[in-house]
2 protein chains.
Amino acid sequence: MNSPYSGESASPYSSDQSIGVPSPPTVVAAFNRPYDAIHHDGPYINILEQPQSKFRFRYKSEMVGTHGQLKADRAEKNRAAFPTVKLSKWNSGPAVIRLTLYTAEDNINQRKRHVHELSGKNCNKETGICEVVVDEKSDYTAVFQNLGIIHIAKRDTREIIKQRKLEELMTLARVRKPHHSNEEIRRSITPTDLKKIDEEAEEEAKSMDLNKVVLRFQAFQYDKNIESYRPITLPVDSDVVFNLKNATTGELKIVRMSACSAPCTGGTEIWLLVEKVRRNNVHIKFFELDENDREVWKAYGEFADADVHHQYAIVFRTPRYRVTNLSTSVRVKVQLERPTDKDTSEALDFTYLPDSLKRPRINLENTLEEGKPHFSDLPPAKRFNISSYTNEAIDLSNNSKLPLVFVNS
Amino acid sequence: MNSPYSGESASPYSSDQSIGVPSPPTVVAAFNRPYDAIHHDGPYINILEQPQSKFRFRYKSEMVGTHGQLKADRAEKNRAAFPTVKLSKWNSGPAVIRLTLYTAEDNINQRKRHVHELSGKNCNKETGICEVVVDEKSDYTAVFQNLGIIHIAKRDTREIIKQRKLEELMTLARVRKPHHSNEEIRRSITPTDLKKIDEEAEEEAKSMDLNKVVLRFQAFQYDKNIESYRPITLPVDSDVVFNLKNATTGELKIVRMSACSAPCTGGTEIWLLVEKVRRNNVHIKFFELDENDREVWKAYGEFADADVHHQYAIVFRTPRYRVTNLSTSVRVKVQLERPTDKDTSEALDFTYLPDSLKRPRINLENTLEEGKPHFSDLPPAKRFNISSYTNEAIDLSNNSKLPLVFVNS
DNA sequence: ATATGGGGAATCCCCACAG
DNA sequence: TAATGGGGAATCCCCGTGC
């Protein structure tokens, strides 16, 4: 009954902001843009430079040496820029801006403290939290150079979350019962509390996406009266930062393409070398833009699961173009597309050629050996599209869905 | 001075066979074939079925459930066979055949006990050693069904080797000083001994190849006089078993090839999808056999490091055939070849075609857009080999050594 | 050397299929 | 309903390149 959980507020997280400091801020931002806060009378944090959206998170084991810092989204290769925030509508002396990693749920209210940590200058090695002082001299602006994101191993997440929850619970209890000794505080935590924490930690660990984070900023000032820091702004979250080394959030890229034109009738086999994709989570999109860059047509390359070779190569067939009676060739675009997050690779040029059947047929059969199929055995779209010795493609995997053109004995 | 290391024999391993049992056998085989042992008067172990040469070693963490056993080298998919040995020239009652994993140095005398363990029926969970009883009923033959090879993580090897050496040292000391108490034995091991063990373990761990093992067999019989087992044969090693899940020892395989014929003049670009290769450790070998299966010609596909895409794809150019004035096509073979161990993939058929320049030229330039190079700009070997829209290959990696045919804007 | 980036090795997890 | 085989995710290690 004297469990900290059994106080008047349903959740320990709902306690008011004005006391618990410098434990991590837990009230989530109701806004993400400075102008959303105009109705709010006090100071606020203004994100001047968003972090880059793709960045490789590093494991602790990779923390020997250094591996480059999180840059600003709009950083150029020559002119580096870094995540930057400004404390606005504030001129009451030095303040601390605290930066903590949070989870990246779409619904801001569901975001929680992330297990991942920040590394670099101004970052606390224990907590993985970064704090910098801003003042008039710096125009109340904090530039976060030298940030790294430490990828906490999945196997450690449950325990870390549990410890943090325990910590929180004890802090809360201390606030509620300032006259109690540490020993009493510890004993006030019941087995039921512990069980609850265990379960919550389990659940949170399981649902935490280790491949995205947001940076949560909040400003604090030292208050002599309470001899500690208290928040002077609501927290604000940055855009999502995705882990670059990951097939579901990493960068989509076509590294090499075996051909960049094909007949408008479709069905041409093309080979792609790509960066880490997941066979069930990638499409090859062909599309056409009008002069105003509006998409006027799109279609997808065709391939089966078995045509994706170990996340790094895709053998597919071109889709038919929207018109098949072209008299001149048409330039369109191709790109990879990832259904889960709608992300796309850079788009490459691709040329649709007039229907080859309308061009003079050339008989090359005399160059074929006996025992090989004649061109006329092939589907129309293939019949002309390559000369004898490149038309052949053999497939030794026994689960390919595509018909073979030739089979080796 | 009373260190076990300071006894008369230089190495603790050189003590005579007749005492130390059932500690693992340590004297290496002087022979590997039964007929090598004919001059040897006593019983010997005869390997009737060698183990398969490629097998996936499994980590302890993979030992939930089962993943198939080590088969015999000549096992068919329908008719499974297993590593089998026979105790020959022996008819003095039941004996134990012990199977232990050893390292696979070419020089048998350098082989050491391997850190990897055996799993399955008859295998000791602590030691990873397998022992089965043979007798007249079984014709003194042991069939090792149900064997798995447990891959010990590299980070654990040093400590394991160290513990084993310590164990050995204490066993040796006990044999030398049977009247001493365990406590005394332990104290007889000096810091110098420990240091030496540490260093040896470090060195052995570093040099141990975790991707190959041999099975070492030796037979033992229970001796009532000494109340323990003693060896009745020399040990014999099986052929090497390579870890299948490894780029330097795993199976070489061409999964898919973009074309299986090209002109004899060489230089045709071909794409391969392959299983895990290492860019600096793979060649693409073209070769020709005469009617007696003697190799009469070979040449290698040309590619740069950058043409190997993440261990799974290779874009290369065909070598010129030994004759370039063919009037009919010639069938040769292609296969992957791994320099380090001379291993090769299955060979595929490949056809060299008569020089395309001798065939009628076909002008398809009217299908090309302006701004693209004309065929005549291409090297001769490329000029004819594919029609306009498949001759294009774009390369977006900025480190490719090969000239691009077209470059996207 | 040290800072940055990146490839892939080593380890671990889990799915699909054929019983 | 466990035995088999295999792909790839998660973790970790180390190399080439440019100060």
Side-chain angles (χ1 to χ4, degrees), chain A residues 52 54-71 75 77 80 116 120 145-148 150-157 208-211 243-251 253 255 275-282 305-306 308-312 397-399, chain B residues 52 54-71 75 77-78 80 116 119-121 145-146 148 150-157 208-211 243-251 253 255 275-282 305-306 308-312 397-399:
Chain A
Q52 60 189 151
K54 310 263 183 192
F55 182 68
R56 179 162 163 180
F57 303 176
R58 295 284 178 170
Y59 289 87
K60 284 207 163 130
S61 63
E62 294 184 281
M63 286 290 126
V64 285
T66 167
H67 286 279
Q69 336 83 346
L70 183 69
K71 315 254 187 342
K77 48 225 72 184
H116 288 172
Q145 298 197 24
N146 209 264
L147 286 183
I150 300 181
H151 190 136
I152 299 300
K154 196 202 286 274
R155 58 174 175 273
D156 297 330
T157 57
M208 187 172 289
D209 187 335
L210 299 180
N211 288 299
N243 182 14
L244 199 47
K245 177 115 181 175
N246 180 277
T248 37
T249 55
E251 194 173 9
K253 187 171 176 190
V255 176
E275 290 305 345
K276 212 185 241 295
V277 298
R278 299 208 311 183
R279 45 176 107 251
N280 293 314
N281 194 18
V282 64
D305 274 6
V308 179
H309 184 61
H310 285 288
Q311 355 201 232
Y312 293 109
S397 66
N398 45 13
N399 48 3
Chain B
Q52 60 189 152
K54 310 262 182 191
F55 181 68
R56 178 161 163 180
F57 302 175
R58 295 283 178 172
Y59 289 87
K60 286 209 161 127
S61 62
E62 294 184 282
M63 286 290 125
V64 287
T66 169
H67 288 279
Q69 338 81 346
L70 184 68
K71 314 258 189 336
K77 50 226 71 185
N78 36 8
H116 288 173
S119 74
K121 203 151 62 76
Q145 298 197 25
N146 210 266
I150 300 182
H151 189 136
I152 298 299
K154 196 201 287 273
R155 57 172 176 273
D156 297 329
T157 57
M208 188 172 290
D209 188 335
L210 299 181
N211 288 301
N243 181 13
L244 198 48
K245 176 112 180 178
N246 181 277
T248 38
T249 56
E251 194 172 10
K253 186 172 179 190
V255 176
E275 290 306 346
K276 214 185 240 296
V277 299
R278 298 208 311 182
R279 48 175 103 252
N280 294 313
N281 195 19
V282 65
D305 274 7
V308 180
H309 185 61
H310 286 287
Q311 354 201 233
Y312 294 108
S397 67
N398 44 15
N399 48 2

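We name chains A, B, ... by the order of the sequence lines, and we start the count at 1 in each one. It should be emphasised that the depicted structure is a prediction, and the values quoted were computed from it without experimental measurement.
- Annotation: the span from N280(A) atom CG to D305(A) atom CG amounts to 4.5 Å, rounded to 0.5 Å.
- In terms of position on DNA chain C, the residue among V277(B) and R155(A) whose nearest nucleotide sits closer to the 5' end is V277(B).
- When atom types are taken as modelled, the side chain of N243(A) and the backbone of F57(A) share a donor-acceptor pair closer than 3.5 angstrom.
- When the P atom of dG8(D) is taken as reference, atom NZ of K276(A) falls 9 Å away, rounded to whole Å.
- Across the protein-nucleic acid pair, Q145(B) atom CD and dA3(D) atom P stand 14 Å apart, rounded to whole Å.
- Side-chain nitrogen and oxygen atoms of K71(B) include at least one within less than 4.0 Å of the OP1 or OP2 phosphate oxygen of dG5(D).
- Within 4.0 Å of R56(A), counting heavy atoms only, lies at least one base atom of the nucleic acid.
- Mapped onto DNA chain D by nearest heavy atom, Y59(A) and V64(A) fall at different nucleotides, with Y59(A) at the one closer to the 5' end.
- R278(A) places its CZ atom 13 Å from the C1' atom of dA10(D), with the value rounded to the nearest Å.
- Contact annotation: Q311(B) side-chain N/O to dG7(C) OP1/OP2 distance is not under 4.0 Å.
- A sub-4.0 Å separation between OP1 or OP2 of dA10(C) and a side-chain N or O of H151(B) is absent.
- For R58(B) against dG6(D), a side-chain N or O and a base N or O form a donor-acceptor pair under 3.5 Å.
- Considering only side-chain N and O atoms, N246(A) lies under 4.0 angstrom from the phosphate OP1 or OP2 of dA10(D).
- Comparing E62(B) and N211(B) against DNA chain C, the residue whose closest nucleotide sits nearer the 5' end is N211(B).
- In this entry the distance linking CG of L244(B) with C1' of dG7(D) reads 13 Å, nearest Å.
- Distances shown here put every side-chain N or O of H67(A) at or beyond 4.0 Å from the OP1 or OP2 atom of dG6(C).
- Computed from coordinates, the K54(B) NZ to dG5(D) C1' distance equals 17 Å when rounded to whole Å.
- Atom pair I150(A):CD1 and dC12(D):C1' shows a separation of 15 Å (rounding to whole Å applied).
- Under 4.0 Å is where a charged nitrogen must lie from a carboxylate oxygen, and between R56(A) and E62(A) at least one such pair does.
- Here dT4(C) presents its C1' atom at 14 Å from CG of L70(A), a figure rounded to the nearest Å.
- The main-chain N or O of G148(B) is never found under 3.5 Å from a side-chain atom of Q69(B) such that the two would form a donor-acceptor pair.
- With values rounded to the nearest 0.5 angstrom, L210(B) atom CG is found 4.5 Å from H151(B) atom NE2.
- Residue K245(B) has its side chain nearest to dG8(D) when only dC13(D), dA9(C), dG8(D) are considered.
- Here K60(A) lies out of heavy-atom contact (under 4.0 Å) with every strand.
- With values rounded to the nearest 0.5 angstrom, R278(B) atom CZ is found 8.0 Å from N246(B) atom CG.
- For the C1' atom pair drawn from dC14(C) and dT1(D), the interatomic distance equals 16 Å after rounding to whole Å.
- Of the side-chain N and O atoms in T66(B), none sit less than 4.0 angstrom from OP1 or OP2 of dA3(D).
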Paired and unpaired positions of DNA chain C as dot-bracket, Watson-Crick or G-U wobble under 3.5 Å, | denoting a partner strand: ..|.|||||.||||||...
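- Evaluated for a side chain to side chain donor-acceptor pair (under 3.5 Å) with H310(B), the options K276(A), Q311(A), H310(A), E275(A) yield exactly one hit, E275(A).
- One distance of note links NE2 of H116(B) with CE of M208(B); it measures 8.5 Å at 0.5 Å rounding.
- Rounded to an integer number of Å, the gap from F57(A) CZ to dG6(C) P is 16 Å.
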